[in-house]
Trainee: 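Shown below is the structure under consideration.
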Amino acid sequence: MQLESRNTVLQSELDGINQEASKQNQDPTSWLPTLPPRYSLQSHKGNVNCVSFHPIFSSIASGSDDCTIKIWDWEFGELEKTIKGHTQAVRDLDYGGPKGGILLASCSSDLTIKLWDPANEYKNIRTLQGHDHIICSARFIPFGDANGGVENLLISASGDQTLKVWNVGTGHCLKTLRGHTDWVRSVCPSIEGRFLLSAGNDWTARLWDISDPNPESKLTLMGHAHGINCCAIAPATAYGYLAAMAGSKAQPPSGGAVEFVATGSRDKTIKLWDARGTCLKTLTGHNNWVTAVLFHPGGKYLLSVADDKTLRYWDLSQEGQCIKVLEGIHEQFITCFRWAPSVAKDISTAKGYVHGANMKTDSSSAQIRCVVATGSMDMTVKIFTN
């Protein structure tokens, strides 16, 4: 009878834990990917270098060393289309543009950026040329302070040590940003489109204000002991946690100013910074190059992947403590990591979508999608969903 009584108590406690876990899984602001992945997408014949989610539909694009882009349906795990056009490795992908005019941008080792129209069977509508070296990153710049909502802009980062701002409609290069002294590996636009964060092999990350007619880096972040592979701008939802870490009680800045950022490096560390160039925290745990970092749209967590084949979760409410490590996701190095952008709850009346990792998560206007993807040198894309 004592054993039965004890068993009843333990079962009740277990049920409570399961209910709490279920609540967390149902809450998008606290959802985190768990093993196993929902799908392992296989079709590429070379390393997968990049992935990008369609902002509204259940499509994800992947780019590879095999020179192709593949479009998948992540809800069903099916290959929808293979796009050919680049003559060398596809290095980065990004969906962007205004609602009703969404495009897919791809950049390549062949020194070109190509624009594809998803509404017209991914027809190549424009090719942008101007870089003198491999183009590592290409991202759409959200409409905002940078252009007053008039032009559709794209930013690219290259091994030629520059970043270029492009007018997507005309294909013209509007600005060339110079400041890095080595290969520029990554670029991340702010949600309002005014600021850019870039990172490179010169061991620095740089913050740019592209509303300036002759932009120069307004802030240079120095502290890593090797090249910086990736960077991310913190969303407004993360401000409270990062401000506490910085010892600040100030309110989030207005006017789209960038207040906190993260960088991931070949020195195996991640650093959190404020907008004055102060390193708030160095996160250690990965034992190989950090290849991608992103902020959870709910704001509480930072997520990272690395060449050690792990996905790590860092709790910003606990000063960046690593709370979980997912191992064995891929058989080889993890090269990329993206979160599906939030979507307006009422798409029919929405002006657009919430862009990329810098999404705003106002529960009244946007819904977090609990979908993430990783890509690897093992030629696969893994899909994780709630």
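Everything quoted here is computed from the prediction, not taken from an experiment. Numbers here are sequence positions counted from 1. Quick note: numbers below take in every heavy atom, side chains included, and nothing from hydrogens, waters or symmetry partners.
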Trainee: Is it true that D92 and R139 have a side-chain N and a carboxylate O under 4.0 angstrom from each other?
Mentor: yes
Trainee: For residues V381 and F384: do they belong to one hydrophobic cluster (side chain heavy atoms under 4.5 Å, members Ile, Leu, Val, Met, Phe, Trp, Tyr)?
Mentor: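 Different clusters: V381 never reaches F384 through Ile, Leu, Val, Met, Phe, Trp or Tyr contacts under 4.5 Å.
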Trainee: Using every non-hydrogen atom in the two residues, find where I368 and S342 come nearest and quote the distance to one decimal.
Mentor: CA-OG, 3.5 Å
Trainee: Looking only at atom types and distance, does a side-chain atom of R266 sit under 3.5 Å from a main-chain N or O of W289, one as donor and one as acceptor?
Mentor: no
Trainee: Any sub-3.5 Å donor-acceptor pair from D307's side-chain atoms to K309's backbone N or O?
Mentor: no
Trainee: Under the 3.5 angstrom rule, does the side chain of D182 hit a backbone N or O of D202 as a donor-acceptor pair?
Mentor: no
Trainee: Assess, by modelled atom type and distance only, whether the side chains of K70 and S62 contain a donor and an acceptor separated by less than 3.5 Å.
Mentor: no
Trainee: More than 12 heavy atoms of other residues, nucleotides or ligands under 6.0 Å from CD of E216: yes or no?
Mentor: no
Trainee: F140 and Y95: aromatic ring centres closer than 6.0 Å?
Mentor: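 Distance test on ring centres: not under 6.0 Å, no.
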Trainee: Just to verify, which of D132, T176, L111 counts as forming a side-chain contact (heavy atoms from CB on, under 4.5 Å) with D160?
Mentor: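 Answer after filtering D132, T176, L111: D132.
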Trainee: Keeping the roles fixed (side chain from R206, backbone from L219), state whether a donor-acceptor pair exists under 3.5 Å.
Mentor: no
Trainee: Treating Ile, Leu, Val, Met, Phe, Trp and Tyr as nodes and any side-chain heavy-atom pair under 4.5 angstrom as an edge, say whether I228 and L272 lie in one connected cluster.
Mentor: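 In one cluster: no.
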Trainee: Determine whether F195 and K218 make a side-chain contact, defined as any pair of heavy atoms from C-beta on separated by less than 4.5 Å.
Mentor: yes
Trainee: Would you find a donor on one side and an acceptor on the other, under 3.5 Å apart, between the side chain of D66 and the backbone of K45?
Mentor: yes
Trainee: Of all heavy-atom pairs between C67 and A89, which one has the smallest distance, and what is that distance?
Mentor: SG-N, 4.1 Å
Trainee: Decide side chain to side chain donor-acceptor pair (under 3.5 Å) for K382 and T374; before the verdict, give the C-alpha distance in whole Å, the side-chain angles of both, and the deciding distance to 0.1 Å.
Mentor: CA-CA 5 Å; K382 306 284 187 177; T374 57; over 6 Å; no
Trainee: Would you say that H286 contacts T269 through its side chain, given a criterion of any heavy-atom pair below 4.5 Å between the two side chains?
Mentor: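 The answer is no, as the side chains (C-beta and beyond) never meet within the 4.5 Å cut-off.
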Trainee: Roughly how far, to the nearest 0.5 Å, is CD1 of I60 from CG of L41?
Mentor: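 The CG atom of L41 sits 7.0 Å away from the CD1 atom of I60.
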Trainee: Quickly, which of E319, K300, Q318 forms a side-chain contact (heavy atoms from CB on, under 4.5 Å) with Y241? Name it, please.
Mentor: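 By the side-chain contact (heavy atoms from CB on, under 4.5 Å) criterion, Y241 pairs with just one of E319, K300, Q318: K300.
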Trainee: Just by distance, no angles: are the side chains of S109 and R91 close enough, under 3.5 Å, to form a donor-acceptor pair?
Mentor: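 Yes.
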Trainee: If we ignore angles and hydrogens, is there a donor and acceptor under 3.5 Å between the side chains of K114 and T127?
Mentor: yes
Trainee: Could you go through S304 and W314, starting from their C-alpha distance and side-chain angles, then the distance that decides it, and tell me whether this counts as side chain to side chain donor-acceptor pair (under 3.5 Å)?
Mentor: CA-CA 8 Å; S304 62; W314 313 85; 2.9 Å; yes
Trainee: Check whether any side-chain N or O of S265 sits under 3.5 Å from a backbone N or O of D267 as a donor-acceptor pair, and report yes or no.
Mentor: yes
Trainee: Establish whether L311 and F333 are linked, either directly or via other cluster members, by ILVMFWY side-chain heavy-atom contacts under 4.5 Å.
Mentor: no
Trainee: Determine whether L32 and K324 make a side-chain contact, defined as any pair of heavy atoms from C-beta on separated by less than 4.5 Å.
Mentor: no
Trainee: D65 and N49: side-chain donor and acceptor closer than 3.5 Å?
Mentor: yes
Trainee: Regarding N229 and T291, do their side chains bring together a donor and an acceptor under 3.5 Å, going by distance alone?
Mentor: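 Distance-only check fails for N229 and T291.
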Trainee: For W203, check side chain to side chain donor-acceptor pair (under 3.5 Å) against everything at least two apart and list the hits.
Mentor: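 Per chain and number, W203 pairs via side chain to side chain donor-acceptor pair (under 3.5 Å) with no residue.
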Trainee: Could you tell me whether E327 and R312 make a salt bridge, using a distance below 4.0 angstrom between a side-chain N and a carboxylate O?
Mentor: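 No, no charged N to carboxylate O under 4.0 Å.
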Trainee: With side chains defined as the heavy atoms from C-beta onward, is the minimum distance between I102 and H54 less than 4.5 Å?
Mentor: yes
Trainee: Under 4.5 Å between any side-chain heavy atoms of I83 and I71, yes or no?
Mentor: yes
Trainee: Looking at D94 and R338, is there a salt bridge between them, counting it only when a charged N and a carboxylate O are closer than 4.0 Å?
Mentor: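 Looking at R338 and D94, the cut-off is met.
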Trainee: Spell out, as yes or no, whether a donor-acceptor pair under 3.5 Å connects the side chain of D110 to the backbone of T87.
Mentor: yes
Trainee: Are T278 and W273 side-chain neighbours, meaning at least one heavy-atom pair lies under 4.5 Å?
Mentor: no
Trainee: If we ignore hydrogens and angles and just use 3.5 Å, is the side chain of K164 paired with the main-chain N or O of A157 as donor and acceptor?
Mentor: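 Judged by distance alone, no pair lies under 3.5 Å.
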Trainee: Is atom CD of E80 surrounded by more than 12 heavy atoms (other residues, nucleotides or ligands) closer than 6.0 Å?
Mentor: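 Yes.
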Trainee: Just wondering, are more than 12 heavy atoms of other shown residues or ligands nearer than 6.0 Å to CD in Q88?
Mentor: yes
Trainee: Are L104 and I69 packed together at the side-chain level, in the sense that at least one heavy-atom pair is separated by less than 4.5 angstrom?
Mentor: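 Yes, side chains in contact.
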Trainee: Determine whether S156 and W166 make a side-chain contact, defined as any pair of heavy atoms from C-beta on separated by less than 4.5 Å.
Mentor: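 In short, these two side chains touch, coming nearer than 4.5 Å.
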Trainee: Spell out, as yes or no, whether a donor-acceptor pair under 3.5 Å connects the side chain of S376 to the backbone of Q332.
Mentor: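 Looks like yes, one N/O pair under 3.5 Å.
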Trainee: Side chains of W208 and S198: any donor to acceptor distance under 3.5 Å?
Mentor: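 There is such a pair between these side chains.
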Trainee: Say whether K271 and T282, considering side chains only, have a donor N or O and an acceptor N or O under 3.5 Å apart.
Mentor: yes
Trainee: Group every Ile, Leu, Val, Met, Phe, Trp and Tyr by side-chain heavy-atom contacts under 4.5 Å, then state whether I383 and L79 land in the same group.
Mentor: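 Yes; tracing contacts between hydrophobic side chains, which count when under 4.5 Å, links both residues.
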Trainee: About how many Å separate CG of L196 and CG of L207, when rounded to the nearest 0.5 Å?
Mentor: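 Going from CG on L207 over to CG on L196, the span is 8.0 Å.
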Trainee: Do side-chain atoms of S58 reach the backbone of W74 as a donor and acceptor pair under 3.5 angstrom?
Mentor: no
Trainee: Over 60° means perpendicular and under 30° means parallel, so tell me whether W31 and W339 are parallel, tilted or perpendicular.
Mentor: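 If you compare the ring of W31 with that of W339, the planes turn out perpendicular.
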Trainee: Return the set of residues passing ring-ring contact (aromatic ring centres under 6.0 Å, His included) with Y301 (not counting sequence neighbours), or none when no residue passes.
Mentor: H296
